[in-house]
Amino acid sequence: VPSTYQKRYLKKIMDLGEGHFGKVTLYKYDPTNDDTGELVAVKVLKQESGCVAEGLMKEIEILKSLDHINIVKYKGCCTEPGESSVQLIMEYLPMGSLRDYLPKTKVSVCQCLMYAQQICQGMDYLHSKRYVHRDLAARNVLVENNSLVKIGDFGLTKHIPEGEIYYRVREDGDSPVFWYAIECLKESKFSFASDVWSFGVTLYEILTRCDNRQSPPTKFYEMMGEAQGQITTMIIIDLLMKNMRLPCPRDCPHEVRLLMEQCWHKDQAQRPSFENLIVRFEAIRRTYD
Ligand SMILES: Nc1n[nH]c2ccc(-c3ccc(NS(=O)(=O)c4cccc(Cl)c4)cc3)cc12
């Protein structure tokens, strides 16, 4: 199976998603040019985003080193000699992300909890390798089939050296602030515990079936009143310091609401680990059998 793909045999089919720094597109890789090729998902970074090549090279190295059922599979990369553009080739999941799948599919609470547990399994594996994800959200979770989901993007993932707790970044413009833990908003300090906070927001998205009317941005803007863009961060910090949180989704079981609130604990030391969350989801799901 090739792990270096030649750009000239990639035939564009459609866009799969667009982040601030990059784009994911569906291609058919058809070297024999008889339409027997395989479908692949290709990620490129947008030219204007700073250090283009090494940014994606780091992400490629990270995804190459990961091997877990709940993490999207790396297939290869595409480098054109001389050109700065590098492309990350991943397996294609036709059912798309949870953002595409949940609003149009009838999914029980028990299935939502199964997806949540699988995300925790992928994240526990990522943390065991001392990677912090920094962009966990429903849009970055892909659906293989109605009983298997995978984490699909590692564009902001960073390695936390042994002995360190935080990864600190300079504030970048377009951060997913409504998925950020309070210490990320206040001090740009990212840790395994801030990933758990983002998981709590992702769990909220799953239980609201990614309904746009109940999305984290929509609900936070409602809580904030109409505030203008740049001071949003200050207003969210203020809300979070007053212990205001996203509302409880309609069919959210009581013990899941408790779990969600612990993921959003002001003190990151009080938040559960993904290892602990797996055990708790296992127990809660057993009460549905
Ligand atoms: N359907 C798929 N099969 N394989 C994939 C790999 C990645 C993705 C993917 C992964 C993430 C997103 N989320 S996204 O918000 O569009 C995004 C965030 C950060 C960076 C980028 Cl380039 C895109 C969108 C699509 C989809 C598939």
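Just so you know, ligand 1 is whichever comes first in the structure, and atom 1 is the first atom listed for that ligand. Everything quoted here is computed from the prediction, not taken from an experiment.
- Near A41, meaning under 4.0 Å from any of its heavy atoms, are these atoms of ligand 1: 3 (N), 4 (N), 5 (C), 6 (C).
- Those atoms of ligand 1 with a heavy atom of G22 less than 4.0 angstrom away are 21 (C), 22 (Cl).
- Interface atoms of ligand 1 facing G17, defined by a heavy-atom separation under 4.0 Å, are 16 (O), 24 (C).
- By heavy-atom distance, the residue among D100, L93, D135, L88 lying nearest atom 1 (N) of ligand 1 is L93.
- Between Y180 and F190, the angle of the ring planes goes over 60°, which puts this pair in the perpendicular group of the 30/60° scheme.
- In summary, the atoms of ligand 1 found under 4.0 Å from a heavy atom of R139, numbered by their order in the structure, are 11 (C), 12 (C), 13 (N), 15 (O).
- With ligand atoms numbered from 1 in the order given, ligand 1 contributes 11 (C), 19 (C), 20 (C) to contacts under 4.0 Å with heavy atoms of D153.
- Heavy-atom contacts from other residues, nucleotides or ligands closer than 6.0 Å to NZ of K186 number 12 or fewer.
- The heavy atom nearest to atom 25 (C) of ligand 1, considering only L45, V141, V24, D15, is found in V24.
- Taking the centre and axis of the six-membered ring of Y166, the NZ or CZ atom of K189 falls inside the cone set by 45° and 6.0 Å.
- At the top of the distance list for atom 21 (C) of ligand 1, counting protein heavy atoms only, stands G19 N, 3.5 Å.
- A side-chain donor-acceptor contact under 3.5 Å links E205 to the backbone of A138.
- Between E91 and K150, at least one side-chain nitrogen of the basic residue sits less than 4.0 Å from a carboxylate oxygen of the acidic one, meeting the salt-bridge criterion.
- Taking the centre and axis of the six-membered ring of W179, the NZ or CZ atom of R139 falls inside the cone set by 45° and 6.0 Å.
- Cluster annotation: L148 and F274 are assigned to distinct hydrophobic clusters (Ile/Leu/Val/Met/Phe/Trp/Tyr, side-chain heavy-atom contacts under 4.5 Å, transitive).
- When each atom of ligand 1 is checked for a heavy atom of G152 under 4.0 Å away, the hits are 7 (C), 10 (C).
- Side chain of D211 to backbone of T208: no donor-acceptor contact under 3.5 angstrom is found.
- When the options E91, K46, M90, K43 are ranked by their closest heavy atom to atom 4 (N) of ligand 1, first place goes to E91.
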Full working for salt bridge (charged side-chain N to carboxylate O under 4.0 Å, His left out) between K46 and E18: CA-CA 10 Å; K46 289 176 187 159; E18 185 143 3; 3.1 Å; yes
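- Distances between N or O atoms of E18 and those of ligand 1 include at least one value under 3.5 Å.
- Near K23, the atoms of ligand 1 lying under 4.0 angstrom from a non-hydrogen atom of the residue are 22 (Cl).
- Checking L56, L142, N140 against atom 14 (S) of ligand 1, the nearest heavy atom belongs to N140.
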